[in-house]
Amino acid sequence: MSDYKFLEIEKKWQKNWDESNLGKCDLNSSKPKFYNLCMYPYPSGDLHMGHIRNYTIGDVITRYKKLTGHNVLSPMGWDSFGLPAENAAIKTGIHPKEFTENRMKNMKNQIIRLGSLYDWDREVAAHTEEYYKWTQYLFIQFFNNNLAYKKDAPVNWCTSCKTVLANEQVIEGNCDRCDSVVTQKNLNQWFLKISKYSEELLVGLDEIGEWPENVKAMQQNWIGKSVGAQFKLNISNSDISFEVFTTRPDTLFGMTFAVISPEHSLMEEILEISENKEEIKKYITAAATKSEFERMSITKEKTGVDSGLLVINPLTNEKIPLWIADYVLVNYGTGAIMAVPAHDQRDYDFAKKYNIEIRQVISEDTLDSGIDKEAFIDRGKLVNSGEFNGLNSHDEASSKIIEKLVDMKSGEGKTTYRLRDWLISRQRYWGCPIPLVNCTDCGLVPEKLENLPVKLPEIEDYLNTDGSPLSKSESFVNTDCPMCGNPAKRETDTMDTFVDSSWYFMRYLDASNSEIPFDIENVNNWLPVDQYIGGVEHAILHLLYSRFFIKALRDLNMVDINEPFQNLFSQGMINFEGSKMSKSKGNIVDPEGYFKTHGADSLRLYILFMAPPSDGVEWNDGGIEGTRRFLYKLWDNMNTFSDLATREIKNSDEEKLEIYLNQTIESITNHLEKFEFNTAVSDLMKLNNELSTFVKNNKEITDEIKKKTIQTTCILVNPFAPHISSELFFKNFKSDITELTWPEVDSSKIENPTYELVIQINGKKKHATEVVSGLEQSEIEKICFEKFQLSASEYKKIIFVKDKIINFVG
RNA sequence: GCCCGGGUGGCGGAAUUGGUAGACGCGACGGACUUAAAAUCCGUUAUUCGAAAGGAUGUGGGGGUUCGAGUCCCCCCCCGGGCACCA
């Protein structure tokens with residue numbers, strides 16, 4: 001019976017690592033640097049299985065890279081601003097800071113209990129004054145360089161909570177907290193100018209290191225580049241004109257009407273000259289009160305109203321009607337379009353409904369290019385297009401028509417992006433205050449740097465019934481203008497927590513520096529992060545914002561790099577009972593129980609073993625017994641090996657074992673490099689099974705193979721199950737396993753001396769036999785003829801793959 | 001609708017360049033130990049025909065290339081994720 005006492009062992013080594021500072025990183029060491037980063041967590045109170053997966057993967061990399069001679073930086077911190085703490089404060093009265101810090105403390109203990117190594121001297125927490133001082137500092141740099149600005153914008157507004165909501169908090173058009181309808185409301189908001197970097201953020205994806213293709217694709221989608229033309233439409237009998245954007249300038253002759261969004265800035269002027277005023281006003285009001293959700297999803301039935309005005313097609317001078325319709329979005333392109341119903345399905349639907357002419361200008365003989373039932377959007381040749389007839393759509397005709405628009409000075413080629421500026425203001429308490437002051441004389445003025453941080457005020461009531469909670473503190477709001485000294489008022493919004501997390505990976509490098517946010521030399525030396533690991537749910541927002549931050553800071557000469565994260569690994573989500581684990585669904589699996597019943601090493605191995613790390617997986621704890629058994633068996637095997645009697649000369653079992661060890665080193669190393677931890681763990685299990693077989697058949701061993709086996713096994717296990725391997729190694733060699741280096745493959749002892757030859761007849765396996773490795777075709781044939789009574793004359797062709805297979809084809 | 005993934009035993013999942021499909025683990029079944037159970041150990045476990053030897057079938061479906069296809073090509077179905085009235 002095994003005497004493997006995982007509780008004692010795990011506690012012992014966690015204490016040992018803490019005392020020996022194993023997780024600490026000296027940035028100036030001469031070893032090659034490796035910045036290994038796990039996404040810092042929101043302190044929700046308890047680790048969940050997603051965290052366990054994240055930090056286990058991270059720790060495997062940390063320990064493996066340390067063993068391969070790297071100077072590993074692996075820090076940890078807290079994304080500690082955010083709504084739940086504030087909601088708890090509203091409910092229970094506990095201060096968000098106290099609430100958050102208690103939860104951080106608990107989670108930190110659990111992380112340590114998992115056995116993950118971090119440099120806790122570099123711990124950061126977004127809600128601390130030492131941290132948000134620098135978030136404010138960076139914001140001011142952005143503001144001073146026109147990368148942060150304030151403007152009116154429509155935001156999600158919960159009618160019941162009376163607050164703005166982030167997009168993520170709007171679930172199918174309703175508030176995720178109270179389920180009330182969310183409407184759009186115009187508020188004066190702060191933005192960061194991420195759109196300035198649209199093109200760079202897009203092309204950067206091609207130059208970046210190893211990122212999952214799907215994450216790159218998601219970012220490409222999100223940035224949403226489209227190439228086309230923009231041109232001017234004049235309203236007939238007026239001096240009003242507006243721009244339209246199209247990706248299909250080749251269809252310009254098919255424009256039979258134009259559409260302008262009801263929120264368009266020209267709407268008042270249009271109203272003035274229109275004879276259809278009342279109907280238009282009604283329509284605008286109706287559109288405004290629809291929620292975003294209603295507008296997008298409803299019946300898909302498009303609505304609109306005829307303005308009664310005509311616009312002029314610049315190429316044909318034809319006058320066509322101008323409609324107002326909310327299927328045209330005000331914040332994409334120019335907020336107005338040329339409508340070509342023959343070649344755009346949305347315009348087609350609209351034209352059918354309102355009986356507007358549909359005029360085909362692209363046609364293709366080899367395809368069904370009819371437009372009776374739907375728009376024809378494929379490629380073809382231009383027809384009904386004057387001098388452009390016969391040209392190919394889309395590219396050839398488009399560029400010719402753009403040339404013409406340029407000649408006529410009414411348009412040009414144009415590229416637009418879906419990516420919009422980043423709205424960062426929140427009417428919330430528990431976030432980083434925006435460090436700007438409103439002065440009636442000087443306008444918006446940043447707080448003086450020496451006065452940072454602008455501290456979050458203490459308030460009684462966290463509810464934001466009317467504007468931001470910060471506005472309730474008079475002593476906070478009323479201040480002096482940093483420029484002229486006259487009485488002025490502070491901004492009362494706080495920042496989106498994604499601002500905090502857009503630069504935390506740089507703060508780790510100078511976590512306790514009270515002079516600067518980070519040292520440019522440290523950043524240039526240590527970034528980009530060599531390996532970033534986190535959940536796929538952050539594929540767009542956090543990763544895109546951080547990339548933007550780096551580019552902006554580079555342009556402010558604060559860093560000298562282009563990308564924050566060289567390689568990214570996105571782990572899949574762990575579901576339970578068919579859906580994402582969440583407190584509200586009550587389907588949480590608590591990892592802490594497994595620490596007690598199975599141990600951290602078992603849990604780590606199991607979470608790695610259950611599926612490829614990038615795949616989503618359904619939690620099922622049946623399998624954890626398997627990794628527990630593996631560890632007990634490993635413990636017993638190592639002890640049995642240790643006790644084997646000595647012999648002088650290796651026997652054939654030992655030679656085989658030696659080869660097996662080398663094969664395992666090779667396989668696990670390859671799997672580690674490719675993040676195939678599930679198969680790496682399976683290799684460890686196979687090795688363990690080999691060891692069991694060996695000790696069953698051998699009571700003696702040479703000292704050389706005994707030592708080699710124990711040492712190699714321990715080190716191969718170490719990144720995955722660090723506690724047991726540290727203990728086993730120490731028991732045997734009285735030294736610390738972390739002083740070893742990762743084993744190299746001995747290429748002279750990796751080939752098996754024999755193999756199982758497969759004999760196929762007409763491609764089907766018929767026989768198999770053990771033969772010596774390296775034999776040539778003629779020798780193999782001879783063996784087959786003798787052993788299986790085959791003869792060459794019966795077959796037309798013989799196919800031979802060395803050391804694998806022979807196929808007799810008849 | 002568009003863009004990514006993916007479909008292999010009862011289950012999670014393995015399979016360099018096309019070369020023994022089902023590694024490893026879970027579960028199940030049988031056995032050993034035990035008064036008994038748990039734990040542990042040994043064996044069996046894709047389906048199907050057969051008493052057995054052995055045969056046939058088999059990686060979502062259909063076609064193709066090849067001596068040989070889970071892997072490559074064409075068509076289709078289903079599942080997961082992302083985006084979506086983006087002009």
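The chains referred to below are lettered A, B, ... by the order of the sequence lines, with proteins before strands, and numbering in each begins at 1.
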With sequence neighbours excluded, tell me which residues meet side-chain hydrogen bond (donor to acceptor under 3.5 Å, both in side chains) with Thr769(A).
Lys787(A)
Distance-only donor-acceptor hits, side chain of residues 797-804 of chain A, under 3.5 Å, sequence neighbours excluded:
from	atom 1	to	atom 2	distance (Å)
Lys802(A)	NZ	Glu776(A)	OE2	3.3
Asp803(A)	OD1	Gly774(A)	N	2.8

Taking syn as any angle within 90 degrees of 0 and anti as the rest, which one fits G63(B)?
anti
Using the test side-chain hydrogen bond (donor to acceptor under 3.5 Å, both in side chains), find all partners of His264(A) that sit at least two apart in sequence or belong to another chain.
none
Between C74(B) and C85(B), how far apart are the two C1' atoms, rounded to whole Å?
34 Å
When the P atoms of C67(B) and G13(B) are compared, how many Å lie between them, rounded to an integer?
36 Å
Determine the interplanar angle of the His542(A) and His538(A) rings, folded into 0 to 90°, and report it as parallel if under 30°, tilted if 30 to 60°, perpendicular if over 60°.
perpendicular
With C1' as the reference atom in both, quote the distance from G25(B) to A15(B) in angstrom, rounded to an integer.
16 Å
Which pairs would a plain distance check flag for residues 659-670 of chain A, meaning a side-chain donor or acceptor within less than 3.5 Å of a matching protein atom at least two apart in sequence or in another chain?
from	atom 1	to	atom 2	distance (Å)
Asn662(A)	OD1	Asp746(A)	N	2.7
Asn662(A)	ND2	Glu658(A)	O	3.3
Asn662(A)	ND2	Lys749(A)	O	3.2
Gln663(A)	NE2	Ile750(A)	O	2.9
Gln663(A)	NE2	Asn752(A)	OD1	3.3
Thr664(A)	OG1	Tyr660(A)	O	2.8
Ser667(A)	OG	His671(A)	NE2	3.4
Ser667(A)	OG	Asp683(A)	OD2	2.5
Thr669(A)	OG1	Ile665(A)	O	2.6
Thr669(A)	OG1	Trp742(A)	NE1	3.0
Asn670(A)	ND2	Glu666(A)	O	3.3

note: Asp349(A), atom CG; G1(B), atom P; distance rounded to Å ~ 14 Å
Just call it for Lys796(A): base, sugar-phosphate, or nothing, with non-hydrogen atoms closer than 4.0 Å on any strand.
nothing
Whole Å only: how far is the NE2 atom of His767(A) from the P atom of A53(B)?
16 Å
Base C67(B) paired with Lys797(A) side chain (donor-acceptor, <3.5 Å)
no
Ile540(A) side chain: which of G82(B), C3(B), C85(B) is closest?
G82(B)
Is any side-chain N or O of Arg628(A) closer than 4.0 Å to OP1 or OP2 of A39(B)?
no
Which residues share a side-chain hydrogen bond (donor to acceptor under 3.5 Å, both in side chains) with Glu690(A), sequence neighbours left out:
none
If we count only N and O atoms by modelled type, under 3.5 Å, do the side chains of Glu199(A) and Tyr417(A) hold a donor and an acceptor together?
yes
Whole Å only: how far is the CG atom of Asn221(A) from the P atom of C4(B)?
9 Å
Would you say a side-chain N or O of Ser226(A) is under 4.0 Å from OP1 or OP2 of A87(B)?
yes
Under 4.0 Å, heavy atoms only, any strand: does Lys674(A) hit a base, just the sugar-phosphate, or nothing?
nothing
For A39(B) and Arg629(A) - does any side-chain N or O of the residue sit under 4.0 Å from the phosphate oxygens OP1/OP2?
no
Please work out which of the three classes, parallel, tilted or perpendicular, describes the rings of Trp619(A) and Tyr606(A), given edges at 30° and 60°.
perpendicular
How many whole angstroms separate atom CD of Glu625(A) from atom C1' of A38(B)?
12 Å
C85(B) pairs with which nucleotide, Watson-Crick or G-U wobble, both distances below 3.5 Å?
none
What interatomic distance, in whole Å, is found between P of C41(B) and the corresponding atom of G55(B)?
35 Å
Protein-proximity profile, nucleotides 12-22 of chain B, B/S/- by nucleotide at the 4.0 Å heavy-atom cutoff, equals BSS--B-BB--
Is the shortest side-chain N/O distance from Asn689(A) to OP1 or OP2 of G25(B) below 4.0 Å?
yes
Taking a pair as Watson-Crick or G-U wobble with both distances under 3.5 Å, which nucleotide is matched to A56(B)?
U47(B)
On a whole-Å scale, what distance lies between the P atoms belonging to G64(B) and G27(B)?
44 Å
To the nearest angstrom, how far is Asn214(A) atom CG from C2(B) atom C1'?
16 Å
When the C1' atoms of U48(B) and C3(B) are compared, how many Å lie between them, rounded to an integer?
43 Å
Nearest-Å distance once atom P is located in both U45(B) and G22(B)
12 Å
Taking the six-membered ring where the residue is Trp, are the ring centres of Phe350(A) and Tyr348(A) under 6.0 Å apart?
no
G9(B) and C4(B), which share atom name P, separated by this distance in whole Å:
27 Å
Rounded to whole angstrom units, what separation is found between the CZ atom of Arg418(A) and the P atom of C83(B)?
8 Å
Looking at every strand, decide which applies to Gly622(A) at a 4.0 Å heavy-atom threshold: base, sugar-phosphate, or nothing.
sugar-phosphate
